[in-house]
Amino acid sequence: MSNIHAIILAAGKGSRMNSSKPKVLQTLSDNTLLGHVLNQAKAVSQKIHVVYGFGGDQVKQAINDDSINWVEQAQQLGTGHAVMQAAPHIKDDSIALVLYADVPLIQAATLKQLIEAASSTGIALLSVVLDNPKGYGRIIRSNNLIQAIVEHKDASAQQLEICEVNTGIMAVNTQLLKNYLQGLDVNNAQGELYLTDIIKAAVDDNKTIASVVATNEFEVAGVNDKIQLAELERVFQQRQAAQYMAQGLSLKDPARFDCRGKLSFGKDCEIDINNLVEGQVSLGNNTTIAANCSIKDSKIGDNVTILANCVIENAVIDNGASVGPFARIRPQTNIGENAKIGNFVEVKKSTVGKGSKISHLSYVGDSTIGTDVNIGAGVITCNYDGVNKHQTIIGDGAFIGSDSQLIAPVTIGKNATIGAGSTITKDAPDQQLSFSRAKQISLKNWQRPTKK
Ligand code: UD1
Ligand code: MG
């Protein structure tokens, strides 16, 4: 379909959000409300017009998309008035698709149906049937054909019984839209220019109003406050989790899995409860993630085991590695094949070679660690002198005794051994044992102090 212009209404302040940000910039998953709508609109239209009002500069800056035509609605005089601001920017021989920046879960597939319907009749409306239609414009039908929309505040007691309501989303031939917009007036309970009044105008013009009825009420649900925002976040997350499970991901409990970004995975991956994935994360085959981990922008290979309570960001973890429990893998870290990072270990901007182990209570930063290195409990690379960061290099097969400090810049040679409890300030040669600690002495006649 070509020549589709989307008009996204985004002028509302959203006072009920109690936020300094405009409503349409509130976030759902990893995107703003407006951003979600823009993505779907882009999938079905050639041009997008956003009608903005409150916090316009903030909105434009945050969205930062030059392909959008930003149209200001300085005063909010109703949905019809909002569409009027965009209409002059749209050629008559197109279809205008009206969307709302605070209806974030709308799907392109539904919009396609609506546009197709409008292509044949000139005007099509997206409605939904609600158990509780309170507050919405009611769809008035006669012989099953739509005759008008009556706003809740303007409806009679009998009309209020109707459960089919207007979602507000519609597709209209632009020439017809312009004609009908000219005829709008403010003779209604709210004294506003109602977009919905174009329906009656079209009926009076002998047009048939095509309709698509949304099957999922959340797809057309608006967000006015933080409670509704959280509700739609859950809907979004469950929908996404269902997609991942359909593609073969095992989620122990989809209600306790959140992904704000994109997760890709191979076969037989399993994710336990309370996990948060952000940005772009990929898992190979047969990788498991235990409970309570937070993983962001990372590439994790095959047969990797991430144990409980790990925080991993911007890292690469190679096949067969094991991380955690309680490990923190910080940006620019590469954990090599079959390497093991144990509890209470923090690794930053470092490469850990194949088969190397850092099993307990360590800080490793700005380091290059070879293959089959064993780093004992409590080892610290002292990478920071208070001003600059320095490198630690550890050769293949080295053994670093527990509770040692490696004062960077420093190089530990291949197969070198560092005696436990050493403070290493100079390079340690290959193959040799280096240690730096006072000789142990025992005082035969020493007495413990006694209480005075
Ligand atoms: C509107 C519809 C109603 C429908 C409901 C669905 C009209 C007259 N009524 O009612 O039939 O059931 O949506 O949610 O259209 N906006 C502007 N500029 C304005 C006015 C509104 O940008 O001057 C934006 C708002 O920010 C909001 C949206 O349009 O995102 C809807 O406006 P709102 O006043 O909330 O319409 P409703 O009364 O909910
Ligand atoms: Mg209103």
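We count ligands from 1, going down the list as the structure has it; atoms in each ligand are counted the same way.
For the pair Arg330 and Glu313, the salt-bridge criterion is not met [side-chain N within less than 4.0 Å of a carboxylate O]. With salt bridges taken as basic N to acidic carboxylate O contacts below 4.0 Å, none links Asp154 and Arg138. In summary, Lys252 and Glu270 engage in a salt bridge, as defined by a charged side-chain N under 4.0 Å from a carboxylate O. A salt bridge links Arg234 with Asp258: the closest approach of a Lys/Arg side-chain nitrogen to an acidic carboxylate oxygen falls below 4.0 angstrom.
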query = Run the salt bridge (Lys or Arg N to Asp or Glu O under 4.0 Å) check on Asp366 and Lys389 step by step: do they pass?
reply = CA-CA 7 Å; Asp366 302 294; Lys389 298 280 167 65; 5.3 Å; no
request  = Could you please spell out the steps behind the salt bridge (Lys or Arg N to Asp or Glu O under 4.0 Å) verdict for Lys200 and Asp205?
outcome  = CA-CA 8 Å; Lys200 177 146 190 320; Asp205 193 21; over 6 Å; no
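The atoms of ligand 1 that sit less than 4.0 Å from any heavy atom of Glu151 are 2 (C), 3 (C), 7 (C), 8 (C), 9 (N), 10 (O), 11 (O). Remark: ligand 1 atoms within the under-4.0 Å shell around heavy atoms of Asp102 are 27 (C), 30 (O). The Gly137 neighbourhood of ligand 1 comprises atoms 3 (C), 4 (C), 11 (O), 12 (O), with distances under 4.0 Å to a heavy atom of that residue. The atoms of ligand 1 that sit less than 4.0 Å from any heavy atom of Leu77 are 23 (O). Residue Thr79 has at least one heavy-atom neighbour below 4.0 Å for each of these atoms of ligand 1: 7 (C), 8 (C), 15 (O), 20 (C), 21 (C), 29 (O), 31 (C), 32 (O). Counting the atoms of ligand 1 from 1 in the order shown, those under 4.0 Å from a heavy atom of Tyr194 are 8 (C). Proximity to Ala11 (heavy-atom distance under 4.0 Å) selects the following atoms of ligand 1: 17 (C), 18 (N), 22 (O). Close approach of ligand 1 to Thr196 is summarised as follows: ligand atoms under 4.0 Å from at least one heavy atom of the residue are 7 (C), 8 (C), 9 (N), 11 (O), 15 (O).
At a 4.0 Å heavy-atom cut-off, ligand 1 touches Tyr136 through backbone and side chain alike.
Shown are Thr287, Asn286, Asn319; of these, the side chain to side chain donor-acceptor pair (under 3.5 Å) with Asn303 is made only by Asn286.
Not one N or O of Thr167 is nearer than 3.5 Å to an N or O of ligand 1, by distance alone.
Applying the 6.0 Å contact sphere to NZ of Lys42 captures more than 12 heavy atoms from other residues, nucleotides or ligands.
Under a 4.0 Å heavy-atom criterion, Gly78 is in contact with ligand 1. Using a 4.0 Å heavy-atom cutoff, Gln73 is listed among the residues neighbouring ligand 1.
Of the candidates Gly222, Ala101, Gly12, the one placing a heavy atom closest to atom 26 (O) of ligand 1 is Gly12.
Between the side chain of Ser362 and the backbone N or O of Val364, no donor-acceptor pair lies under 3.5 Å.
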